[in-house]
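Below you'll find the structure, written out as structure tokens, and then a few comments.
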Amino acid sequence: MIAKRSTYFFWIPITPIVQRRLTSFRRNSRGFWSLWIFLLLFAISLPAEFIANDKPLLIRFQGHYYMPVLATYPETTFGGDFETETDYRDAFVRQLIEDEGWMLWPIIPFSYNTINYHLDRPAPSPPNGSNWLGTDDQARDVVARLIYGFRISVLFGLVLTFFGSLIGICIGAIQGYFGGWIDLIGQRIIEIWSGLPILYLLIILASVVEPNFWWLLGLMLLFSWMGLVGVVRAEFLRARNFDFVRAARALGLSDYKIMIRHVLPNAMVSTLTFLPFILTGSVTILTSLDFLGFGLPPGSPSLGELLNQGKNNLQAPWLGFSSFFLLSLMLSLLVFIGEAVRDAFDPRKSLV
């Protein structure tokens, strides 16, 4: 007999059922194109320092090349008087460099914390040729803050979703596979833990410790893992008495190997359908905390903080509209992707 060759994608075997799910996902045009648009936006935001920055990308001065976006140079390097870091937006420094070279600036010559001191009216200023979406109430460029805010929101959501799902899958697998007292005690602990008021805890801890990205991530990780426990637990409870599990146990396989090799792949089908929606919830949590003032430190690029500025500055509608449209677009794309993934894993929707 001639063995049939397997199809692989990045060392992952593409079985007929996986191929069916991929085809089903591609046929959902709304979810398929939402995935590509989301990946495009995320790819653009990742190198944010090369797109929106108050430092040049490249400088040629006296025959030498410098990359301020990657390294720090004192002002004396370019003929200035001070040993401190060069302020490339200073007119005197720019004249020194342009007299003996040139500077290549990013598309948006502002970082998320750059204050524009050359506004022709008080901040927040409306959109113009320099600030495409205007400035906020501290004269910072809105476009730059949107790019950096989008990146930090997605990264926060991805990290929280990954580690929260990992913990939830492990706990749900242990409860469902062993059952008995382990499952009973675990359920009672989860009921008590889920009843804790998360927002009140954040308010109390925010008055003691200044919140930052990792502090918020760790605190939210204490509660976000409970979303998948019930789904994974139910799948393990259902599959632990199947014939193939009993056969593996009779052959002497350890509980760990049975859980990983035989039961977990069945549980992952329902788990994967929840991941896009968990990511949406994680992004919403960070935005809500920033809007209420209990999120990232002041000055950090945040969509929630920009929404709060729009609420406090109704005379500057560009603040609220820009952050609202970006947040709506991001969450809509994630929801459409989640719907497409859910339909792709639904066994009732088979391809004809």
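Counting from 1, the numbers follow the sequence of the chain as shown.
Relative to the ring axis of Y177, R240 does not place its NZ or CZ within 45° and under 6.0 Å from the centre.
Atoms CG and CD1, on L46 and I51 in that order, are 9.0 Å from each other to the nearest 0.5 Å. For the atom pair OG1 of T135 and CG of L319, the computed distance is 7.5 Å after rounding to the nearest 0.5 Å. The CZ atom of R94 lies 10.5 Å from the CD1 atom of I59; values are rounded to the nearest 0.5 Å. In this structure, CD1 in I37 is found 8.0 Å from CG in L40, a value given to the nearest 0.5 Å. The structure places CH2 of W105 at 8.5 Å from CG of N53, a figure rounded to the nearest 0.5 Å. Here the CG-CG distance, from L296 to L289, works out to 9.0 Å after rounding to the nearest 0.5 Å.
The local environment of CH2 in W33 is sparse, with at most 12 non-hydrogen atoms from other residues, nucleotides or ligands closer than 6.0 Å. With a 6.0 Å radius and a threshold of 12 heavy atoms from other residues, nucleotides or ligands, F82 has its CZ atom at or below the threshold. Other residues, nucleotides and ligands contribute at most 12 non-hydrogen atoms within 6.0 Å of the CZ atom of F324. Counting heavy atoms of neighbouring residues, nucleotides and ligands inside a 6.0 Å radius, atom CD1 of I107 does not exceed 12 of them. Around atom CZ of F274, no more than 12 heavy atoms belonging to other residues, nucleotides or ligands sit under 6.0 Å away. Around the CZ atom of F213, the shell of radius 6.0 Å holds more than 12 heavy atoms that belong to other residues, nucleotides or ligands.
Remark: side-chain polar atoms of S323 are paired, donor with acceptor, to backbone N or O of G320 under 3.5 angstrom. Distance alone, capped at 3.5 Å, is enough to place a donor-acceptor pair between the S300 side chain and the P297 backbone. Here the side chain of R145 pairs no donor or acceptor atom with the backbone of N113 at under 3.5 angstrom. A distance-only check finds no donor-acceptor pair linking the side chain of N313 to the backbone of Q315 [under 3.5 Å]. Side-chain atoms of N131 never come within 3.5 Å of backbone atoms of L133 as a donor-acceptor pair (strictly under, hydrogens ignored). Side-chain atoms of W193 do not come within 3.5 Å of backbone N or O of M226 as any donor-acceptor pair. With hydrogens and angles disregarded, no donor-acceptor distance shorter than 3.5 Å links the side chain of R233 to the backbone of Q175. Formation of a donor-acceptor pair under 3.5 Å by the S111 side chain with backbone atoms of D54 is not found in this model. Checking side-chain atoms of S24 against main-chain N and O of R20 turns up no donor-acceptor pair under 3.5 Å. Panel note: side chain S165, backbone F162; no donor-acceptor pair is recorded below 3.5 Å.
At a threshold of 4.5 Å between non-hydrogen side-chain atoms, the residues D141 and Y112 do not count as touching. Using a 4.5 Å heavy-atom threshold, the side chains of W215 and M220 count as separate. With contacts defined as side-chain heavy-atom distances shorter than 4.5 Å, the pair F50/L57 qualifies. When side chains are defined from C-beta on, T271 counts as touching I169, because their heavy atoms get closer than 4.5 Å. Counting heavy atoms from C-beta on, the side chains of F242 and H262 never come closer than 4.5 Å. The shortest distance between side-chain heavy atoms of I97 and Y88 falls below 4.5 Å. The shortest side-chain heavy-atom distance between V93 and E75 falls under the 4.5 Å cut-off. Taking the side chain as every heavy atom from C-beta outward, I190 and V229 approach each other to under 4.5 Å.
Annotation for P126 and R121: closest pair CD-CD, 3.3 Å, computed over non-hydrogen atoms. Across all their heavy atoms, V283 and G157 have their closest contact at CG2-CA, 4.3 Å. The shortest heavy-atom contact between L119 and A123 is CD1-CB, 4.2 Å. Of all the heavy atoms in P265 and I260, the pair that sits closest is CD-O, 3.4 Å. The shortest heavy-atom contact between L327 and L307 is CD2-CD1, 3.9 Å. Nearest heavy-atom pair, F277 versus V335, reported as atom, atom and distance to 0.1 Å: CE2-O, 4.2 Å.
Both F321 and V142 sit in one connected hydrophobic cluster of ILVMFWY residues. Membership requires side-chain heavy atoms under 4.5 Å apart, directly or through other members. Hydrophobic clustering of Ile, Leu, Val, Met, Phe, Trp and Tyr side chains at less than 4.5 Å, counting indirect connections, unites L272 with L264.
By the 4.0 Å N-to-carboxylate-O rule, E98 lies too far from R60 to be salt-bridged with it. With salt bridges taken as basic N to acidic carboxylate O contacts below 4.0 Å, one links R30 and E339.
Taking the six-membered ring where the residue is Trp, the centroids of Y66 and F78 are separated by under 6.0 Å.
Taking the six-membered ring where the residue is Trp, F32 and W36 present perpendicular rings, their angle passing 60° and hence far from 30°.
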Stepwise side chain to side chain donor-acceptor pair (under 3.5 Å) check, Q309 with E305: CA-CA 6 Å; Q309 286 196 35; E305 188 263 349; 2.7 Å; yes
